[in-house]
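Below is one structure; the comments refer to it alone.
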Amino acid sequence: MSFDLVLFGGTGDLAWRKLLPALFQAFRHGTLPAGGRIFGVARDSLSHEQYRSLIRARFDEVDLAKRPTAEEFDRFAALLHFIRMDLSQPADYARLAATLRERKADTVVMYMATAPSLFTVACEQLAAAGLNTPETRIVLEKPLGHDVASNRAINETVRRAFSEWQIFRIDHYLGKPSVQNLFALRFGNSLFEPLWRRETVANVQITIAEDIGVERRGAFYDSTGALRDMVQNHALQLLCAVGMEPPINAHADAIRDEKLKVLRSLKPWTAETLSQHVVRGQYAEGTVNGEPVPGYRQEHGVDRDSTTETFVALRTEIANWRWAGVPFYLRTGKRLSGRDAHIVINFRPAPHAIFKSPPGAANRLVINLQPRDGLELHLLAQGADNRRQQAGLSPVQLDLDFDKRFGSERVGAYERLLLDVIHGRLNLFVRSDEQEEAWRWVEPILEHWSGDTGGPRPYTAGTWGPSAASAMIAREGHCWTEEC
Ligand code: BG6
């Protein structure tokens, strides 16, 4: 199968940090279909050779499991080409069209790794140049808009040029092996399904903690914030994966229909829940992994009086028969104490205690997403001291480390998703109605904050965020795992 992949934003961070390394890995693993061409598109004036050298130099900064040898990179680089384009110039699209017509590839992928403000003009121009053929697939990176109206406007323009089955809205969390494992755990095994409901589950916690700050994206991040950057997409997609009903099959729309139902069932916000169940924070200077780091307002590109949140914790509920009344706690933040993403399903304690157990002890399933990928099942067992009649139960843990089990060099998120685009598999991409529903649910939070002069609560970099996040969950008699 031949393919042409056009990478708009071909010299940008996303291209050289994630996309080209992912394509290289697929090439190395022998899964990238032979006969492909990759075109980096940018405004720079570069020859094909200069582009290849630029990417070669950048690869040295990328975290690849094994460095490519010169010979290996050269074989990959033979696929790379460069096209100079100004995305506002129709003539440049005509040149692109002429290049792509030199041969008729089975699949043409247009990957928009540019500023989102360019998505609409690029789609209109691609259509005007006749580049919206049935063989074409378009990939849109997040953020797709900053609220419901802007999201809808982008989606409407893109849909005037392409049909929904040609549009691949990427959320790279869906490509992570750990998220695939969550689907496998739930829908490939029968063990947990009877327990996966309000009668047995006390609460669900979803944490995406990062130790990095805003890096070189200060200006972008300052106009975005954690709610738009992480909650509207990644955290809500994880919530859907936990909360959704089993789909009728593994086809894209069957999966996306179920995720959409979860988003539609999220409890609407009220004035009270907005003030009691949402905490926003912003990091102040501190120490992360032993290194002193500046506060958010001192970061390059960030307004000195910024009120942008770098941390969000919130509580919600999925209002349906399976989940009514079960709190779902979500939190994410930058410059927290470590890189740690996990989902915890806390089960209710045994209804009648005949053994002595530690206070608060109960069963818990932890799905670790990163840095390690695996499962932990927390049980209570008779400990070593079982000679005495009155011996109590002790917590024990069953561990399944997928990295150890399957090797840590598994197919990465972008590698998996890029191959899915080339093969036209939409399962792990977000449909426009899902995306719009997610925006609809976060919008009241944004509106509430815009009218709240209090601003985000400061937290010291290297901690788990503002103490208000612990107070929020403690009010219901629960605690975040690291605090229990
Ligand atoms: C991106 C966000 O979508 O996800 C970044 O824009 C964030 O701010 C990143 O750092 C986290 O991804 P990962 O895969 O490193 O957890």
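Both ligands and their constituent atoms are indexed starting at 1 by order of listing.
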Basic-acidic side-chain contact under 4.0 Å: Asp211, Arg339: no

I'd like to know if Arg159 pairs up with Glu164 as an ion pair, taking the criterion as any Lys NZ or Arg NE/NH1/NH2 lying under 4.0 Å from an Asp or Glu carboxylate oxygen.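 Answer for the salt bridge query: yes.
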
Quick check against the 3.5 Å criterion: does Asp303 have a side-chain atom that pairs as donor or acceptor with the backbone of Asp305? yes

Tell me, which protein residue and heavy-atom name are nearest [atom], and how many Å apart are they?
| atom | result |
| --- | --- |
| atom 12 (O) of ligand 1 | His172 NE2, 3.1 Å |
| atom 7 (C) of ligand 1 | Glu210 OE2, 3.4 Å |
| atom 16 (O) of ligand 1 | Tyr173 OH, 2.5 Å |
| atom 15 (O) of ligand 1 | Arg339 NH2, 3.5 Å |

From the options Glu141, Lys176, Arg228, select the one whose nearest heavy atom is closest to atom 14 (O) of ligand 1.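 The option holding the nearest heavy atom is Lys176.
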
Counting heavy atoms only, which of Ile208, Ile212, Asp229 comes nearest to atom 8 (O) of ligand 1? Asp229

For ligand 1, which is the ligand I care about here, please tell me if Arg217 has any N or O atom under 3.5 Å from one of the ligand's N or O atoms. yes

Any idea which atoms of ligand 1 are less than 4.0 Å away from a heavy-atom of Lys334? 5 (C), 7 (C), 8 (O), 10 (O)

Would you mind listing which atoms of ligand 1 come within a distance below 4.0 Å of any non-hydrogen atom of Gln370? 13 (P), 16 (O)

Distance (rounded to the nearest 0.5 Å) between Asp4 CG and Phe39 CZ: 5.0 Å

I need the Gln166 CD to Met110 CE distance, nearest 0.5 Å. 10.5 Å

Are His172 and Tyr414 near enough that their ring centres are under 6.0 Å apart? yes

What do you reckon, does Glu215 put a non-hydrogen atom under 4.0 Å from ligand 1?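 In this structure, Glu215 fails to qualify as a contact of ligand 1 - no heavy atom is under 4.0 Å.
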
Over 60° means perpendicular and under 30° means parallel, so tell me whether Phe73 and Phe76 are parallel, tilted or perpendicular.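 Perpendicular, since the angle between the ring planes exceeds 60°.
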
